[in-house]
Colleague: 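For reference, the structure I am asking about is given below.
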Amino acid sequence: MHTASWEIAFENLSLGYGERTILRDITATLPAGKISVILGGSGCGKSTLLKNIIGLHRPQQGKIWVGGKDLFDLPRAEYRRMRRHMGVLFQDGALLGALTLAQNVALPLSEHTSLPKEVIRKAAFDTLAQVGLREFGDYYPNELSGGMRKRAGLARAIIASPSILLCDEPTSGLDPITAAKMDNLLLSMKAHFADMTTVVVSHDMQSVKKIADYVLVLRDGQAVFAGSYQSLATSNDPYLQQFLHRTVEDEEQRRHEEQDPRVHAAIQDWLAS
Amino acid sequence: MAYAPTAFLAALGRPVLEYINTAGAMTLFLLSGIYHIGTSRKIWQRSLQQVYLIGSKSLFLILLIGIFCGMVLGLQGYYTLVQFGSVGMLGSAVSLTLIRELGPVLTAIMLTGRAGSSITAEIGVMRISDQIDALDVMDINSMAYLVSPRIVASLISFPLLTAIFDTIGIIGGYLTGVLMLGINQGAYFFRIQNSVTLVDVTGGFWKSLVFALIVTTVCCFQGYFTHKRRDSVGPAAVGNATTSAVVISCILILVADYILTSFLL
Ligand SMILES: Nc1ncnc2c1ncn2[C@@H]1O[C@H](COP(=O)(O)OP(=O)(O)OP(=O)(O)O)[C@@H](O)[C@H]1O
Ligand SMILES: [Mg+2]
């Protein structure tokens, strides 16, 4: 399928689970060939939004346009072809527990091509090397740390050179150096594949500052900001400033002082016993 | 809310409709699984791996259950037959009970506990940790990847293990009947040869194939739709899915056994 640009657009999008609406009336365009970052508090629906972009959930209302096509209006076969252009890093990596890292990373190739085994294996190890995991190719996911699984998930997402790369919190749970490496990897991929659209969900403001071309901020089920990182940094919306500078309003900070005296006494009793 | 005379009917109807709904969904699930046997790449390689997990790893259990089952049949059969002075019939009693009924049913129930539960748990964990979504995103059909190989493997494993169960059970009956209680060895085996017909054997074989489909469908289905459970979410849902899978499989095995027996006799 030839699509000139892999832009992702939301049109009056509302989504949620069952009766419950989590995001409502989102309209935004994530530019093609750029890195867009979705920001928002924990539990505000970022992962849910990502799953809708992939087409795993149907929105309750509105449309998602991917590469100029209405994702939920495509014939099944064309939707599948579209999905082949997407690489996804799930929040917890979502590596198959029954396969080693190398087998996991190689999956898109071993399932869809008839390349010889050694070629596939080499490609898997080379991609693992990009995320600093070459030595761990023969380990099983459960033998690794959360951050390592996440990096392996990223390797799997990029092995088939996707046109759209969706990453759910690629740097959470990583140390600052490895996180910086992941940022560099994303930037170098952007430089290498000029028309690759990258969508990153992140809480890591340093990383956002480094990689973001476009930022979408979600809060209370709505998009409260959409625009470049510069305009986010200079915005004087109090919530955005809190997000940028990691501060909270005093009121919220003071809350834990008001502990119920009964709870306090019970805990003291327990500690003394 | 005023009591409506139809409320009772509604309360009765809703679960019934739900059951029918689920039964339909499971049937479609099975058909889809069978269809994808044809479309799945590396189906033999994956099925073979599942034969190892479902079949080969259950072999010891089946041997153990089989030998004791046969031994108990030998004992019980002996003490019943001795009242009629026809202990010579023991061979035929043991072998027919095993081949027609106990072999297929007990093997299927044992495999539900041994292999079916782990199928549900494994697929359920894959569901709640996004692994099935990840397969879909990579355009790897999750039915073809997860369900079809298990259907093939069960269709291979269930009849083979049933045959092993029957054989070892007959040996168990021999141990108690002949070696312990002193029935004539020749009579024991002669009676088996004499009374077991090919129809009995094929009947047991068909049963084990049907049970294989039931167990894999129910267990894969429960795992695959762990996230749709209304009673729980997350790891608890995997646990509940496993329980449901085992319970539903066992019930369906016995119901199907009754229906098949009434057709086969
Ligand atoms: N499978 C599900 N069924 C029902 N509700 C769900 C499901 N998954 C998530 N939710 C709900 O949707 C909301 C958004 O969840 P989501 O995982 O999208 O949050 P998030 O923004 O990714 O949070 P985090 O930053 O912690 O990952 C949450 O309030 C959660 O309770
Ligand atoms: Mg999330």
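The structure displayed is predicted, hence computed values, not measured ones.
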Colleague: Side chain from CB out, backbone as N, CA, C, O: work out which of these in A:Ser110 comes under 4.5 Å of a heavy atom of chain B, or both, or neither.
Modeller: both
Colleague: Within residues 141-167 of chain B, which positions have a heavy-atom distance to chain A below 4.5 Å?
Modeller: B:Tyr145
Colleague: Between CG of B:Leu48 and CD1 of B:Ile43, what distance do you get to the nearest 0.5 Å?
Modeller: 11.0 Å
Colleague: Under a 4.5 Å cut-off applied to non-hydrogen side-chain atoms, are A:Ile8 and A:Trp6 in contact?
Modeller: no
Colleague: For the atom pair CG (A:Leu89) and CZ (A:Arg149), what is the distance rounded to the nearest 0.5 Å?
Modeller: 12.5 Å
Colleague: Does A:Glu143 use its side chain to pair, donor to acceptor, with the backbone of A:Tyr140 at less than 3.5 Å?
Modeller: yes
Colleague: Not counting sequence neighbours, which residues clear side chain to side chain contact (heavy atoms under 4.5 Å, CB included) with B:Ser56? List them please.
Modeller: B:Tyr52
Colleague: When rounded to the nearest 0.5 angstrom, what is the spacing between CG in B:Asp139 and OH in A:Tyr79?
Modeller: 9.0 Å
Colleague: Checking B:Thr120 side chain against B:Gln222 main chain: does a donor-acceptor pair fall under 3.5 Å?
Modeller: no
Colleague: Look at A:Glu111 together with B:Arg46 and state whether they make a salt bridge at an N to O cut-off of under 4.0 Å.
Modeller: yes
Colleague: What residues of residues 112-133 of chain A sit under 4.5 Å from chain B when only non-hydrogen atoms are counted?
Modeller: A:His112, A:Thr113, A:Ser114
Colleague: Could you verify whether a donor N or O on one side chain and an acceptor N or O on the other, from A:Tyr214 and A:Thr29, lie under 3.5 Å apart?
Modeller: no
Colleague: At a heavy-atom distance under 4.5 Å, which candidate from A:Val88, A:Leu56, A:Ile54 has the highest pair count against chain B?
Modeller: A:Leu56
Colleague: Apply side-chain hydrogen bond (donor to acceptor under 3.5 Å, both in side chains) to the pair A:Gln61 and A:Arg24, showing each step before the final yes or no.
Modeller: CA-CA 8 Å; A:Gln61 250 170 43; A:Arg24 54 174 61 82; over 6 Å; no
Colleague: Could you please state which residues from residues 123-135 of chain B sit under 4.5 angstrom from chain A, measuring non-hydrogen atom to non-hydrogen atom, sorted by number, or 'none'?
Modeller: B:Met126, B:Ser129, B:Asp130, B:Gln131, B:Asp133, B:Ala134, B:Leu135
Colleague: Less than 4.0 angstrom from a charged side-chain N to a carboxylate O is my criterion; do B:Asp257 and B:Lys207 meet it?
Modeller: yes
Colleague: Report yes or no: does B:Ser249 contribute a side-chain atom to a donor-acceptor pair with the main-chain N or O of B:Ala245 at less than 3.5 Å?
Modeller: yes
Colleague: Is it the case that the side chain of A:Thr197 and the backbone of A:Gly33 share a donor-acceptor pair, with hydrogens and angles ignored and the cut-off at 3.5 Å?
Modeller: yes
Colleague: I'd like to know if the side chain of A:Lys63 and the backbone of A:Asp73 have a donor-acceptor N/O pair within less than 3.5 Å.
Modeller: no
